K.L.:
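Let me give you the structure first, and then I'll get to my questions.
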Amino acid sequence: MFDSGDFSETPLWYKDAIIYELHVKTFFDKNGDGIGDFKGLTEKLDYLESLGVNAIWLLPFFPSPLKDDGYDISDYYDIHPHYGNMRDFKNFLREAHHRGMKVIIELVLNHTSDQHKWFQRARKKDAPKKWRDFYVWSDKPDNYLDARIIFQDFETSNWTRDPENEKFFWHRFYSHQPDLNYDNPEVQKEIFKIIDFWMKMGVDGMRLDAVPYLFEREGTNCENLPESIDFLKKLRAHVDRYYQNRMILAEANQWPEDAILYFGNGDACHMAFHFPLMPRMFMALRMEDRFPIIDILEQTPPIPDNCQWALFLRNHDELTLEMVTDEERDYMYRVYARDKAARINLGIRRRLAPLLENHRRKMEIMKFLLLSLPGTPTLYYGDEIAMGDNHFLGDRDGVRTPMQWSADRNAGFSRANPQKLYLPVTIDPEYHYETVNVENQEQNQTSFLWWVKRVIAMRKNFKAFGRGTIEFLHPDNPKILAFLRKYQDEIILVVINLSRFSQVVELDLSPYAGYTPVEVFSKNPFPVIQEKPYIMTLGFHTYFWFVLKKEVVASPEKKVREISLLKSKSDWIELFSSQLKTKIESMILPQFLMEQRW
Ligand code: BGC
């Protein structure tokens, strides 16, 4: 087990992290204006601590016209007044650090808002070249035509004509988000200045938004270009040179063989999201077949030792289906977004619970998988209480509604007039905030929230999940996903029944003949492994973590019986005489408690 002190001081902290993703506006509104703020978030740090997460990833909180939820930045050096001021942010950072939590912020480096002063001065007709060159201009929209359009529900071209200087500017996302020109060294310098500003303040990590698109080259699809990777290596060298224990995380929605480019030789990004794995977890569950998961992980090349995948189920965007085949996308739409209104661009704008039809066991399996596969899990705010969504709101706003704290007005999120909220709270009858909220779930120890807390706490007892290798087992029954995670002398066996029916499986565990699988939550030893196949019967949608122990382990019940044999010569009060009392308090009781299933 590692404690938070340990965690904070190691350069590889991101391997042991459990990341919680949130937008400050969604979390808690302290000043009652209808929008979450840093003061509110700071107040809710106790909640995050009790959940067990140890890193917070903040979506963009900078001044912005907010046409793309803050991914359209107009000033990189300040806090949007909706969310408070720099003092509030620093206070939040201090309080998070005080609790041993890391803070990861966004570095939107591919593009700015068209309201940014760089663009305002670049677009002027008589702008000197040094200003104009901050962006990518063309007289005609006929360059880089092999680049795909990402927001295909909203944009028809990656070029937009600027009415002011009558030239076209390049943008990979919305037309109000002009791409920066990385061929201009001045742009690179400005990005380094921004990094210095926030790193000096003490942020621990940065998610590098949309990194595949930094450079453009004719005749290519303008993604994953060597120039972009080289720039990231420069950026990493800069971070390593001036700061300690910091982390940069690539958002590269790419196939594994391209995504690994962002690790370099361990000298580019520390982390990168594993995009193709995410939809395949959903596919495997729905198909009741382990194949999609094993297939994509077997196609994933090994990564340098100091690097780590970031895993996720849902985030603030649509559940992207860019990294699947056409057939797989059709399948995903058919089974997870029959309602066409839930589809956007190439994806599905739904949260975890509605995607899984609010099926508790399915939600458990998906979170369990997320916490079991190799990488660092990233949890999206609200999914720990199985929040619903509202895909009738525009764009991706349906998965960005206020956090549901209680059954009070505005879900306990804000004291404002409900009409003033930045987005309405969820009142879908099935996910209504009066029922689905933190307060209710904290009071009920069988709630999904408590389940999530327990699993996170348990995972932290083992380093194998964050740091270990993975080895798949290949039993005949395809509905069972079983694999080993190993790190130093830790061996964890993960077994998951993806099926809605009970199953039997024969696992080849012969290399571990003589070992005892001990189920981690109950501490119950299962039968000792032998050379012959290990047979397990599994209820529908069940999941297990076993520690494989070299020795034969006695069942907790047996040990309890031994403890109950305390003998006293006179009456029972003698048991609490000074000598025995110390023994009971320091050895017998803690041991007894540890061995209880509860
Ligand atoms: C973010 C999106 C955003 C886009 C453009 C993505 O990587 O996750 O939310 O709209 O970048 O900035």
Side-chain angles (χ1 to χ4, degrees), residues 19 21-26 57-76 80 104-116 119 135 147-155 158 160 169-180 182 191 194 205-214 222-224 228 232 248-254 258-259 262 269 271-276 278-279 310 312-323 344-351 378 380-381 389 391 393-401 422-423:
I19 302 176
E21 177 197 356
L22 65 90
H23 194 301
V24 57
K25 77 174 182 188
T26 63
W57 157 24
L58 293 174
L59 296 172
F61 49 74
F62 315 94
S64 155
L66 299 179
K67 287 185 177 172
D68 182 17
D69 210 16
Y71 281 96
D72 46 332
I73 297 176
S74 54
D75 178 0
Y76 286 87
H80 194 296
I104 301 164
I105 66 165
E106 286 277 343
L107 182 65
V108 184
L109 71 176
N110 177 65
H111 47 268
T112 67
S113 159
D114 59 7
Q115 300 306 304
H116 194 288
F119 189 74
Y135 295 87
R148 68 190 164 119
I149 292 165
I150 297 169
F151 285 170
Q152 49 177 258
D153 282 359
F154 304 92
E155 300 292 342
N158 288 322
T160 288
F169 64 87
W170 177 250
H171 57 89
R172 293 309 302 270
F173 296 95
Y174 285 119
S175 57
H176 55 76
Q177 288 166 315
D179 274 32
L180 285 162
Y182 274 80
I191 295 297
I194 297 167
M206 288 181 157
R207 170 191 181 266
L208 310 186
D209 183 61
V211 275
Y213 319 112
L214 301 183
C222 298
E223 298 186 20
N224 315 318
S228 299
L232 292 175
I248 50 174
L249 159 60
E251 192 228 5
N253 187 352
Q254 300 290 331
D258 293 324
Y262 293 86
C269 295
M271 294 183 80
F273 286 105
H274 201 311
F275 274 91
M278 180 274 297
F312 63 105
L313 296 171
R314 291 298 303 110
N315 63 16
H316 63 291
D317 288 327
E318 68 275 26
L319 187 167
T320 161
L321 296 173
E322 281 163 308
M323 294 302 125
I344 186 174
N345 298 321
L346 276 188
I348 304 172
R349 45 178 165 185
R350 303 227 70 177
R351 269 184 177 274
T378 305
Y380 188 49
Y381 87 95
D389 55 37
H391 60 268
L393 299 172
D395 201 341
R396 291 145 289 171
D397 281 350
V399 300
R400 299 169 178 178
T401 58
Y422 74 89
L423 281 176

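As the structure lists them, so they are numbered: ligands from 1, and atoms in each ligand from 1. These numbers were taken from a predicted model, which means no experiment stands behind them.
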K.L.:
Run the salt-bridge test on Arg349 and Glu318 with the 4.0 Å N-O cut-off and return the result as yes or no.
P.N.:
no
K.L.:
Given ring pair (Phe, Tyr, Trp, His ring centres under 6.0 Å), test Tyr71 with His316 step by step and report yes or no.
P.N.:
CA-CA 12 Å; Tyr71 281 96; His316 63 291; 5.4 Å; yes
K.L.:
Kindly write out the residues that satisfy ring-ring contact (aromatic ring centres under 6.0 Å, His included) with Phe61, not counting sequence neighbours, or none if the list is empty.
P.N.:
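Here the qualifying residues are Phe38, Phe89, Trp198.
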K.L.:
Near ligand 1, which protein residues have a heavy atom under 4.0 Å away?
P.N.:
Asp68, Tyr71, His111, Phe151, Phe173, Gln177, Arg207, Asp209, Glu251, His316, Asp317, Arg396, Arg400
K.L.:
Which residues pass the side chain to side chain contact (heavy atoms under 4.5 Å, CB included) test with Asp395, sequence neighbours left out?
P.N.:
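Testing Asp395 for side chain to side chain contact (heavy atoms under 4.5 Å, CB included), a comparison that skips the adjacent residues, returns Phe154, Tyr174, Ile344.
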K.L.:
Would you verify whether the NZ or CZ of Arg350 falls within 45 degrees of the ring axis of Tyr380 while also being under 6.0 Å from that six-membered ring's centre?
P.N.:
no
K.L.:
Sequence neighbours left out, what passes side chain to side chain contact (heavy atoms under 4.5 Å, CB included) with Thr378? Give chain and number order.
P.N.:
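Partners of Thr378 under the side chain to side chain contact (heavy atoms under 4.5 Å, CB included) test: Ile19, Glu21, Trp57, Phe273, Ala310, Phe312.
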